[in-house]
Amino acid sequence: MAEDVSLAGVVVAGGESRRMGRDKATLPLPDGSGTMVERVVDVVSQRCSPVYVMAAPGQPLPALSVPILRDEVRGLGPLPATGRGLRAAAAAGARYAFVAAVDMPSLTADLIDELFRLAVETNAEVVMPWDGRSHYLAAVYRTDLADRIDALVAAGARKMSDLIDASDSQQIVLTDSVALTNVNAVDDLRTPVRPGR
């Protein structure tokens, strides 16, 4: 890995979780090791610094060892939150940021390493995994995309795919995509969570 290239982390935790019916960030893990947001922050922090958690206004979160940035308006989707996270990462001097959804308790540091390596090698604006679908919230983004996101949001865009369509993006095909598994129901957590390494 290029040691002179820094990688920040952005954990998007402020979603409405309509399918879950409750806040995913504070969902307790079945092994008693904490909540989903704590697990994802722990894994992301293994490879990224600084790490920011993007949360909704008034959203309750456990005490975290990383800064929490609040959305200005609730319910606008992940694109504006990603833009704010990338802007904070850029201000901290990071050229890239790994952006993760809060509902991936099986996320691994190895996946972050692989995506970051490809981002540095290709200088692509976005590098994301693909396993039959694109994973926008498990991807490495150049932090200079914050201005482009602001312009897209000002034009009414709200979906991460709007940014991908307007960017130089690369996809890496994964044969083992367990690390990308999203939790959309409490029953999804009955499967043992894989360690984050």
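- For the salt bridge (charged side-chain N to carboxylate O under 4.0 Å, His left out) condition, the pairs that include at least one residue of residues 88-105, sequence neighbours left out, are K24-D103.
- The main-chain N or O of T35 is found under 3.5 Å from a side-chain atom of E38 such that the two form a donor-acceptor pair.
- In this structure, CZ in R47 is found 12.5 Å from CG in L115, a value given to the nearest 0.5 Å.
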Evaluate the criterion side chain to side chain contact (heavy atoms under 4.5 Å, CB included) for residue pair L145 and V126; output intermediate values, then yes/no. CA-CA 9 Å; L145 288 171; V126 182; 3.8 Å; yes
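- Atom NE2 of H135 sits about 7.5 Å away from atom CG of L174, to the nearest 0.5 Å.
- Take R84 and apply the salt bridge (Lys or Arg N to Asp or Glu O under 4.0 Å) test, not counting sequence neighbours, and it matches no residue.
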Pair M104, T181 - check side chain to side chain contact (heavy atoms under 4.5 Å, CB included), show working. CA-CA 6 Å; M104 295 189 308; T181 302; over 6 Å; no
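- Put simply, OH on Y136 and CD1 on I164 are 6.5 Å apart, with the number rounded to the nearest 0.5 Å.
- In this structure, L118 CG and I172 CD1 are separated by 5.5 Å, a value rounded to the nearest 0.5 Å.
- For S177, the side chain to side chain contact (heavy atoms under 4.5 Å, CB included) partners two or more places apart in sequence, or in a different chain, are D131, L180.
- Taking the side chain as every heavy atom from C-beta outward, Q171 and M128 approach each other to under 4.5 Å.
- In terms of the side chain to side chain donor-acceptor pair (under 3.5 Å) criterion, Q170 has no residue partners (sequence neighbours excluded).
- Looking at V127 and S169, their side chains never come closer than 4.5 Å, going by heavy atoms from C-beta outward.
- Residues that satisfy the side chain to side chain donor-acceptor pair (under 3.5 Å) test with R70, not counting sequence neighbours, are absent from this structure.
- Counting heavy atoms from C-beta outward, V51 and S49 have side chains that stay 4.5 Å or more apart.
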Stepwise side chain to side chain contact (heavy atoms under 4.5 Å, CB included) check, Y141 with V10: CA-CA 10 Å; Y141 292 81; V10 176; over 6 Å; no
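- With a 4.5 Å cut-off on side-chain heavy atoms, I149 and L86 count as touching.
- For D168, there are no side chain to side chain donor-acceptor pair (under 3.5 Å) partners, not counting sequence neighbours.
- Partners of E125 under the salt bridge (Lys or Arg N to Asp or Glu O under 4.0 Å) rule, at least two apart in sequence or in another chain, are R142, R148.
- P67 meets the side chain to side chain contact (heavy atoms under 4.5 Å, CB included) test with Y52; sequence neighbours excluded.
- For the atom pair L152 CG and D147 CG, the distance stands at 11.0 Å (nearest 0.5 Å).
- Side-chain contact between L69 and V53 is absent, with no heavy atoms from C-beta onward closer than 4.5 Å.
- Side-chain contact check for T26 versus M36: every heavy-atom pair is 4.5 Å or farther apart.
- A side-chain hydrogen bond (donor to acceptor under 3.5 Å, both in side chains) with R87 is found for exactly one of T82, T143, D150, namely D150.
- Contacts of S33 classified as side chain to side chain donor-acceptor pair (under 3.5 Å), with partners at least two apart in sequence or in another chain: D31, R39.
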Determine whether N182 and L137 satisfy the following criterion, side chain to side chain contact (heavy atoms under 4.5 Å, CB included), listing intermediate values before the conclusion. CA-CA 10 Å; N182 299 103; L137 295 180; over 6 Å; no
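- Residues forming a side chain to side chain contact (heavy atoms under 4.5 Å, CB included) with D162 (at least two apart in sequence, or on another chain): A157, K159.
- In terms of the ring-ring contact (aromatic ring centres under 6.0 Å, His included) criterion, residue partners of Y96 (sequence neighbours excluded) are, by chain and number, F116.
- Rounding to the nearest 0.5 Å places CE of M160 at 11.5 Å from CG of D165.
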